[in-house]
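Remarks on the structure that follows.
None of the values given here were measured: they were computed from a predicted structure.
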Amino acid sequence: MFRKTLLAAVVSLSCGTALAAETTGEIFGDFRLSLGHFDSSSPEAGGNGTATAPDTDIDNNNSVIGLRAATTHGGLTAFVTYERYAENDGGTTSAVNDNVSQFFYGVRGRFGEVSYGTRATAYRMAGQKLDPFFNTSVAGVQGGLFTAAGITSKRINGASYGQSALTNDALGAGTAANQIAYTAPVIFGLTANAAVFVDEGSGPNEKHDYAGGLEMNCDCGLTVGAQFLDINSNASVPNFGNSGIGGAKAEAMRAYASYNTSWWGAGLSLEKLNLRAGALDRDYAFASGWFGLSHNTRIAAAVGHTNETPFEGVSATVGLFHDLMPN
(Lines give C-alpha, C1' and ligand atoms only; values in the text may rest on other atoms or scores of the structure.)
Protein backbone atom coordinates (compact mmCIF):
# COMPACT_ATOMS: atom_id res chain seq x y z
CA MET A 1 0.00 0.00 0.00
CA PHE A 2 1.27 3.46 -0.74
CA ARG A 3 0.13 6.76 0.67
CA LYS A 4 0.78 10.27 -0.48
CA THR A 5 -0.20 13.40 1.37
CA LEU A 6 -2.56 15.53 -0.70
CA LEU A 7 -3.40 18.34 1.65
CA ALA A 8 -1.03 20.09 4.01
CA ALA A 9 -2.16 20.78 7.54
CA VAL A 10 -4.31 23.87 7.65
CA VAL A 11 -4.36 26.01 10.79
CA SER A 12 -7.24 28.41 11.24
CA LEU A 13 -6.63 31.33 13.59
CA SER A 14 -9.41 33.52 14.95
CA CYS A 15 -9.01 36.85 16.72
CA GLY A 16 -9.06 36.66 20.49
CA THR A 17 -9.15 32.82 20.73
CA ALA A 18 -6.48 30.47 19.46
CA LEU A 19 -8.77 27.84 17.99
CA ALA A 20 -7.01 25.50 15.55
CA ALA A 21 -8.59 23.23 12.95
CA GLU A 22 -6.29 20.71 11.29
CA THR A 23 -7.31 19.19 7.96
CA THR A 24 -5.43 16.31 6.35
CA GLY A 25 -5.99 14.08 3.36
CA GLU A 26 -4.33 11.32 1.41
CA ILE A 27 -4.68 9.11 -1.63
CA PHE A 28 -4.12 5.43 -0.96
CA GLY A 29 -4.04 2.22 -2.92
CA ASP A 30 -3.82 -1.51 -2.38
CA PHE A 31 -2.84 -3.23 -5.63
CA ARG A 32 -2.80 -7.04 -5.72
CA LEU A 33 -1.93 -9.21 -8.72
CA SER A 34 -1.38 -12.96 -8.83
CA LEU A 35 -0.43 -15.68 -11.29
CA GLY A 36 -2.33 -18.84 -10.42
CA HIS A 37 -2.89 -22.37 -11.68
CA PHE A 38 -6.01 -24.32 -10.74
CA ASP A 39 -6.74 -28.00 -11.48
CA SER A 40 -9.69 -29.97 -10.13
CA SER A 41 -9.94 -32.41 -13.06
CA SER A 42 -7.35 -35.03 -12.13
CA PRO A 43 -8.01 -37.88 -9.66
CA GLU A 44 -4.95 -36.73 -7.71
CA ALA A 45 -6.67 -33.38 -7.17
CA GLY A 46 -9.83 -35.08 -5.97
CA GLY A 47 -11.70 -34.58 -9.23
CA ASN A 48 -13.36 -37.08 -11.54
CA GLY A 49 -11.51 -36.22 -14.74
CA THR A 50 -14.31 -34.04 -16.12
CA ALA A 51 -15.06 -31.49 -13.39
CA THR A 52 -12.91 -28.55 -14.47
CA ALA A 53 -10.09 -28.36 -16.98
CA PRO A 54 -6.76 -27.02 -15.68
CA ASP A 55 -6.72 -23.25 -15.77
CA THR A 56 -3.93 -20.67 -15.52
CA ASP A 57 -4.80 -17.01 -15.00
CA ILE A 58 -3.39 -13.66 -14.01
CA ASP A 59 -5.89 -12.26 -11.52
CA ASN A 60 -6.45 -8.83 -10.05
CA ASN A 61 -7.30 -9.67 -6.45
CA ASN A 62 -9.73 -6.90 -5.46
CA SER A 63 -7.26 -4.04 -5.91
CA VAL A 64 -8.57 -0.70 -4.64
CA ILE A 65 -7.70 2.98 -4.85
CA GLY A 66 -9.22 5.72 -2.73
CA LEU A 67 -9.17 9.03 -0.95
CA ARG A 68 -9.57 9.83 2.72
CA ALA A 69 -9.70 13.16 4.54
CA ALA A 70 -10.30 14.37 8.08
CA THR A 71 -10.58 17.65 9.93
CA THR A 72 -10.21 18.08 13.69
CA HIS A 73 -11.54 20.96 15.76
CA GLY A 74 -12.44 21.32 19.41
CA GLY A 75 -11.97 17.65 20.27
CA LEU A 76 -14.10 16.41 17.36
CA THR A 77 -12.85 14.86 14.11
CA ALA A 78 -15.02 14.69 10.99
CA PHE A 79 -13.81 12.20 8.38
CA VAL A 80 -14.67 10.75 4.97
CA THR A 81 -13.34 7.76 3.02
CA TYR A 82 -14.00 7.09 -0.66
CA GLU A 83 -12.62 3.84 -2.12
CA ARG A 84 -13.13 2.20 -5.51
CA TYR A 85 -12.19 -1.19 -6.91
CA ALA A 86 -9.28 -0.77 -9.34
CA GLU A 87 -10.24 -3.43 -11.86
CA ASN A 88 -7.84 -4.04 -14.75
CA ASP A 89 -8.29 -7.76 -15.28
CA GLY A 90 -9.73 -8.06 -18.80
CA GLY A 91 -9.54 -11.84 -18.92
CA THR A 92 -12.12 -12.46 -16.22
CA THR A 93 -15.75 -11.51 -15.81
CA SER A 94 -15.78 -9.30 -12.74
CA ALA A 95 -18.64 -8.30 -10.48
CA VAL A 96 -16.97 -5.10 -9.36
CA ASN A 97 -16.30 -3.28 -12.67
CA ASP A 98 -14.62 -0.37 -10.89
CA ASN A 99 -17.58 0.11 -8.56
CA VAL A 100 -17.38 1.85 -5.21
CA SER A 101 -16.10 -0.55 -2.55
CA GLN A 102 -16.43 1.85 0.41
CA PHE A 103 -17.85 5.35 0.81
CA PHE A 104 -18.61 6.52 4.33
CA TYR A 105 -18.30 9.57 6.53
CA GLY A 106 -18.78 10.39 10.19
CA VAL A 107 -17.45 11.97 13.33
CA ARG A 108 -15.38 10.72 16.26
CA GLY A 109 -14.59 12.11 19.69
CA ARG A 110 -14.58 11.18 23.36
CA PHE A 111 -17.98 9.54 22.86
CA GLY A 112 -16.59 7.11 20.28
CA GLU A 113 -17.23 7.07 16.54
CA VAL A 114 -20.41 7.32 14.46
CA SER A 115 -20.44 6.80 10.69
CA TYR A 116 -22.85 6.33 7.81
CA GLY A 117 -22.38 4.83 4.35
CA THR A 118 -20.94 1.80 2.61
CA ARG A 119 -18.13 0.18 4.56
CA ALA A 120 -16.75 -3.11 5.85
CA THR A 121 -18.77 -4.59 8.69
CA ALA A 122 -17.27 -5.20 12.12
CA TYR A 123 -18.18 -8.87 11.60
CA ARG A 124 -15.99 -9.03 8.49
CA MET A 125 -13.07 -7.15 10.05
CA ALA A 126 -12.99 -9.48 13.06
CA GLY A 127 -12.30 -12.39 10.70
CA GLN A 128 -10.09 -10.49 8.27
CA LYS A 129 -7.63 -9.56 11.03
CA LEU A 130 -7.06 -13.28 11.71
CA ASP A 131 -6.50 -14.27 8.08
CA PRO A 132 -2.90 -13.93 6.81
CA PHE A 133 -4.11 -14.99 3.33
CA PHE A 134 -6.97 -12.52 2.99
CA ASN A 135 -7.46 -11.72 -0.73
CA THR A 136 -4.55 -14.02 -1.63
CA SER A 137 -5.61 -17.61 -0.82
CA VAL A 138 -6.27 -19.75 -3.91
CA ALA A 139 -8.95 -21.67 -2.01
CA GLY A 140 -11.39 -18.94 -1.03
CA VAL A 141 -14.48 -19.52 1.08
CA GLN A 142 -15.76 -22.18 -1.35
CA GLY A 143 -12.50 -24.10 -1.46
CA GLY A 144 -12.17 -23.60 -5.22
CA LEU A 145 -13.65 -21.56 -8.05
CA PHE A 146 -15.65 -18.54 -6.88
CA THR A 147 -18.75 -18.33 -9.09
CA ALA A 148 -21.13 -16.00 -7.24
CA ALA A 149 -22.25 -12.55 -8.38
CA GLY A 150 -21.33 -13.04 -12.03
CA ILE A 151 -17.70 -14.00 -11.41
CA THR A 152 -17.08 -17.07 -13.56
CA SER A 153 -13.45 -17.87 -12.78
CA LYS A 154 -12.25 -15.47 -10.12
CA ARG A 155 -10.79 -17.52 -7.26
CA ILE A 156 -9.63 -14.85 -4.85
CA ASN A 157 -12.26 -12.71 -3.18
CA GLY A 158 -11.55 -12.08 0.45
CA ALA A 159 -11.56 -14.68 3.17
CA SER A 160 -9.85 -18.06 3.23
CA TYR A 161 -11.69 -21.36 3.47
CA GLY A 162 -13.02 -21.90 6.99
CA GLN A 163 -14.68 -18.49 7.18
CA SER A 164 -18.13 -17.64 5.84
CA ALA A 165 -18.73 -15.35 2.84
CA LEU A 166 -19.82 -12.70 5.36
CA THR A 167 -16.06 -12.11 5.70
CA ASN A 168 -15.57 -11.58 1.97
CA ASP A 169 -14.31 -8.37 0.42
CA ALA A 170 -17.47 -7.73 -1.60
CA LEU A 171 -20.53 -5.51 -1.42
CA GLY A 172 -23.44 -7.52 -0.07
CA ALA A 173 -21.16 -9.86 1.87
CA GLY A 174 -18.54 -8.35 4.20
CA THR A 175 -19.30 -4.82 3.02
CA ALA A 176 -22.75 -3.28 3.45
CA ALA A 177 -24.39 -0.07 2.24
CA ASN A 178 -26.86 2.12 4.18
CA GLN A 179 -24.89 1.29 7.33
CA ILE A 180 -25.19 3.39 10.47
CA ALA A 181 -22.33 2.23 12.67
CA TYR A 182 -21.21 3.14 16.18
CA THR A 183 -18.01 2.17 17.99
CA ALA A 184 -17.76 2.99 21.69
CA PRO A 185 -14.59 4.38 23.29
CA VAL A 186 -12.16 1.87 24.76
CA ILE A 187 -12.66 1.36 28.52
CA PHE A 188 -10.12 -0.86 30.30
CA GLY A 189 -9.33 -2.57 27.00
CA LEU A 190 -12.98 -3.32 26.22
CA THR A 191 -14.89 -1.77 23.33
CA ALA A 192 -18.39 -2.33 21.94
CA ASN A 193 -19.81 -1.80 18.47
CA ALA A 194 -23.31 -1.72 16.96
CA ALA A 195 -24.78 -1.09 13.52
CA VAL A 196 -28.07 -0.85 11.65
CA PHE A 197 -28.26 -1.70 7.93
CA VAL A 198 -31.28 0.06 6.46
CA ASP A 199 -33.45 -2.02 4.11
CA GLU A 200 -34.42 0.11 1.11
CA GLY A 201 -36.41 -2.51 -0.75
CA SER A 202 -39.71 -1.47 -2.32
CA GLY A 203 -43.04 -2.02 -0.61
CA PRO A 204 -44.20 -2.02 2.99
CA ASN A 205 -42.29 -5.17 4.05
CA GLU A 206 -38.88 -3.61 4.57
CA LYS A 207 -36.94 -5.22 7.41
CA HIS A 208 -33.63 -3.84 8.61
CA ASP A 209 -30.51 -5.77 9.60
CA TYR A 210 -28.64 -5.33 12.86
CA ALA A 211 -25.17 -6.03 14.24
CA GLY A 212 -23.37 -5.88 17.55
CA GLY A 213 -20.16 -6.97 19.15
CA LEU A 214 -17.65 -6.79 22.00
CA GLU A 215 -13.88 -6.99 21.88
CA MET A 216 -11.27 -7.08 24.64
CA ASN A 217 -7.62 -6.19 23.97
CA CYS A 218 -4.82 -6.39 26.53
CA ASP A 219 -1.28 -5.07 26.41
CA CYS A 220 0.05 -8.64 26.40
CA GLY A 221 -1.07 -9.11 22.78
CA LEU A 222 -4.25 -11.09 23.48
CA THR A 223 -7.53 -10.21 21.74
CA VAL A 224 -10.86 -11.91 22.46
CA GLY A 225 -14.19 -10.97 20.98
CA ALA A 226 -17.61 -11.88 19.61
CA GLN A 227 -19.67 -10.44 16.73
CA PHE A 228 -23.32 -10.96 15.84
CA LEU A 229 -25.43 -10.27 12.72
CA ASP A 230 -29.23 -10.38 12.54
CA ILE A 231 -30.12 -10.53 8.83
CA ASN A 232 -33.74 -9.74 8.02
CA SER A 233 -33.72 -7.56 4.88
CA ASN A 234 -36.09 -8.01 1.97
CA ALA A 235 -35.28 -11.06 -0.15
CA SER A 236 -35.60 -9.03 -3.37
CA VAL A 237 -33.01 -6.41 -2.32
CA PRO A 238 -31.05 -7.98 0.55
CA ASN A 239 -28.23 -6.04 2.19
CA PHE A 240 -26.24 -9.29 2.34
CA GLY A 241 -27.23 -10.71 -1.05
CA ASN A 242 -23.68 -11.92 -1.85
CA SER A 243 -23.25 -13.73 1.47
CA GLY A 244 -24.00 -17.18 0.06
CA ILE A 245 -27.33 -17.49 1.88
CA GLY A 246 -29.45 -15.90 -0.87
CA GLY A 247 -32.49 -14.10 0.45
CA ALA A 248 -32.74 -16.36 3.49
CA LYS A 249 -33.05 -14.68 6.85
CA ALA A 250 -30.22 -15.66 9.15
CA GLU A 251 -28.38 -15.08 12.38
CA ALA A 252 -24.59 -15.15 12.20
CA MET A 253 -22.38 -15.45 15.26
CA ARG A 254 -18.58 -15.31 15.43
CA ALA A 255 -16.35 -15.94 18.46
CA TYR A 256 -12.68 -15.22 17.92
CA ALA A 257 -9.34 -14.86 19.66
CA SER A 258 -5.79 -14.01 18.67
CA TYR A 259 -2.39 -13.63 20.27
CA ASN A 260 0.42 -11.66 18.65
CA THR A 261 3.98 -10.78 19.56
CA SER A 262 6.61 -9.01 17.45
CA TRP A 263 7.78 -12.38 16.05
CA TRP A 264 4.81 -14.74 15.97
CA GLY A 265 1.05 -14.89 16.29
CA ALA A 266 -1.98 -17.18 16.13
CA GLY A 267 -5.72 -16.75 15.68
CA LEU A 268 -8.96 -18.73 15.89
CA SER A 269 -12.44 -17.96 14.53
CA LEU A 270 -15.61 -20.03 15.11
CA GLU A 271 -18.80 -19.13 13.23
CA LYS A 272 -22.35 -20.44 13.22
CA LEU A 273 -24.96 -19.36 10.68
CA ASN A 274 -28.52 -20.05 11.76
CA LEU A 275 -30.58 -20.09 8.54
CA ARG A 276 -34.11 -19.43 9.72
CA ALA A 277 -35.78 -20.45 6.44
CA GLY A 278 -35.58 -24.10 7.48
CA ALA A 279 -32.13 -24.86 6.04
CA LEU A 280 -29.49 -26.60 8.11
CA ASP A 281 -27.26 -24.43 10.28
CA ARG A 282 -23.75 -23.90 8.93
CA ASP A 283 -20.59 -24.18 11.02
CA TYR A 284 -17.20 -22.68 10.20
CA ALA A 285 -13.83 -23.03 11.95
CA PHE A 286 -10.63 -21.25 10.99
CA ALA A 287 -7.21 -21.31 12.66
CA SER A 288 -4.10 -19.45 11.55
CA GLY A 289 -0.55 -18.76 12.65
CA TRP A 290 2.53 -16.92 11.49
CA PHE A 291 6.20 -16.78 12.43
CA GLY A 292 8.76 -14.10 11.54
CA LEU A 293 11.96 -15.36 9.94
CA SER A 294 13.35 -11.82 9.89
CA HIS A 295 12.02 -8.27 10.15
CA ASN A 296 10.80 -8.47 6.54
CA THR A 297 10.08 -12.18 6.02
CA ARG A 298 7.49 -14.43 7.64
CA ILE A 299 5.81 -17.76 7.05
CA ALA A 300 2.11 -18.38 7.67
CA ALA A 301 -0.28 -21.31 7.78
CA ALA A 302 -4.04 -21.71 8.09
CA VAL A 303 -6.52 -24.57 8.45
CA GLY A 304 -10.23 -24.27 7.71
CA HIS A 305 -13.18 -26.58 8.28
CA THR A 306 -16.87 -26.22 7.38
CA ASN A 307 -19.88 -28.37 8.19
CA GLU A 308 -23.37 -28.46 6.58
CA THR A 309 -22.26 -26.02 3.90
CA PRO A 310 -22.58 -26.56 0.13
CA PHE A 311 -18.79 -27.06 0.08
CA GLU A 312 -18.04 -28.73 3.41
CA GLY A 313 -14.61 -30.18 4.06
CA VAL A 314 -11.12 -29.28 5.29
CA SER A 315 -8.51 -27.02 3.70
CA ALA A 316 -4.89 -26.21 4.59
CA THR A 317 -2.89 -23.24 3.28
CA VAL A 318 0.77 -22.32 3.69
CA GLY A 319 2.64 -19.28 2.43
CA LEU A 320 5.81 -17.22 2.55
CA PHE A 321 5.66 -13.41 2.67
CA HIS A 322 8.50 -10.92 2.12
CA ASP A 323 8.14 -7.14 2.35
CA LEU A 324 10.26 -5.47 -0.34
CA MET A 325 9.84 -1.92 0.99
CA PRO A 326 7.67 0.03 3.48
CA ASN A 327 4.03 0.36 2.32
Side-chain angles (χ1 to χ4, degrees), residues 120-137 139-144 146 157-170 173-176 183 189-195 197 209-218 220-231 240 242-245 248-261 264-277 279-291 300-319:
T121 64
Y123 190 97
R124 163 189 156 182
M125 294 308 298
Q128 178 176 335
K129 291 186 294 185
L130 305 177
D131 190 350
F133 303 102
F134 194 84
N135 268 330
T136 66
S137 173
V141 295
Q142 292 184 346
F146 184 75
N157 190 57
S160 300
Y161 187 84
Q163 302 203 61
S164 74
L166 290 164
T167 319
N168 262 357
D169 184 6
T175 302
T183 302
L190 181 67
T191 186
N193 61 273
F197 312 92
D209 305 319
Y210 304 93
L214 288 171
E215 183 174 285
M216 172 68 78
N217 293 275
C218 74
C220 65
L222 178 66
T223 297
V224 179
Q227 296 291 331
F228 174 77
L229 279 173
D230 183 15
I231 301 174
F240 295 93
N242 291 327
S243 62
I245 60 176
K249 302 183 187 328
E251 293 177 347
M253 293 154 282
R254 182 200 302 275
Y256 59 98
S258 66
Y259 182 76
N260 288 282
T261 71
W264 68 275
L268 175 67
S269 169
L270 301 174
E271 291 182 77
K272 176 175 284 291
L273 268 61
N274 177 14
L275 305 185
R276 293 173 293 187
L280 294 175
D281 293 349
R282 300 181 183 182
D283 298 298
Y284 301 81
F286 176 79
S288 64
W290 64 272
F291 179 78
V303 177
H305 175 265
T306 75
N307 184 50
E308 300 296 352
T309 69
F311 34 83
E312 65 180 16
V314 178
S315 174
T317 305
V318 295

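In the model, Q227 has a side-chain atom that pairs as donor or acceptor with a side-chain atom of N193 under 3.5 Å. Side-chain N/O atoms of T175 and R124 include a donor and acceptor closer than 3.5 Å.
At least one donor-acceptor pair closer than 3.5 Å links the side chain of N135 to the backbone N or O of G158. Not one N or O on the side chain of N260 forms a donor-acceptor pair closer than 3.5 Å with the backbone of G221. Within the 3.5 Å criterion, the main-chain N or O of A159 finds no donor-acceptor partner in the side chain of D131.
Annotation: the span from N274 atom CG to I231 atom CD1 amounts to 11.0 Å, rounded to 0.5 Å. Between the CG atom of L130 and the OG atom of S160 there is a distance of 10.5 Å, given to the nearest 0.5 Å. Rounded to the nearest 0.5 Å, atoms CG (D283) and CD (E308) are 7.5 Å apart. Going from atom CZ of F134 over to atom CD of Q128 covers 4.0 Å, rounded to the nearest 0.5 Å. Taking OG1 of T223 as the reference point, atom CE of M216 lies at 10.5 Å (rounded to 0.5 Å). Atom OG1 in T121 sits 11.0 Å away from atom CG in D209 (nearest 0.5 Å).
Remark: Y259 pairs with W264 by the ring-ring contact (aromatic ring centres under 6.0 Å, His included) rule, at least two apart or across chains. Taking the side chain to side chain donor-acceptor pair (under 3.5 Å) definition, one finds that T317 meets it with nothing, sequence neighbours left out. For A302, the side-chain contact (heavy atoms from CB on, under 4.5 Å) partners at least two apart in sequence or on another chain are F133, F286, S288. Applying the side chain to side chain donor-acceptor pair (under 3.5 Å) rule to T191 yields no partners; only residues at least two apart in sequence or on another chain are considered. Every residue two or more places apart in sequence or in another chain that forms a side chain to side chain donor-acceptor pair (under 3.5 Å) with S269 is listed here: R254. Y284 pairs by the ring-ring contact (aromatic ring centres under 6.0 Å, His included) definition with nothing, not counting sequence neighbours.
Minimum heavy-atom separation, P132 to T136: O-OG1, 4.4 Å. Of all heavy-atom pairs spanning Y161 and G313, the tightest one is OH-N, 2.8 Å. A pairwise comparison of heavy atoms in F240 and L166 identifies CD2-CD2, 3.8 Å as the closest pair. Among all heavy-atom pairs drawn from L214 and A192, the shortest one is CD2-CB, 3.5 Å.
Under the 4.5 Å side-chain criterion, counting only non-hydrogen atoms from C-beta, D230 is in contact with E251. Residues R282 and P310 form a side-chain contact, since some pair of their non-hydrogen atoms from C-beta on lies under 4.5 Å apart. You'll find the side chain of N242 stays beyond 4.5 Å of the side chain of N168, heavy atoms only.
Tested against Y256, the residues K129, E271, E215 include a single side chain to side chain donor-acceptor pair (under 3.5 Å) partner, E215.
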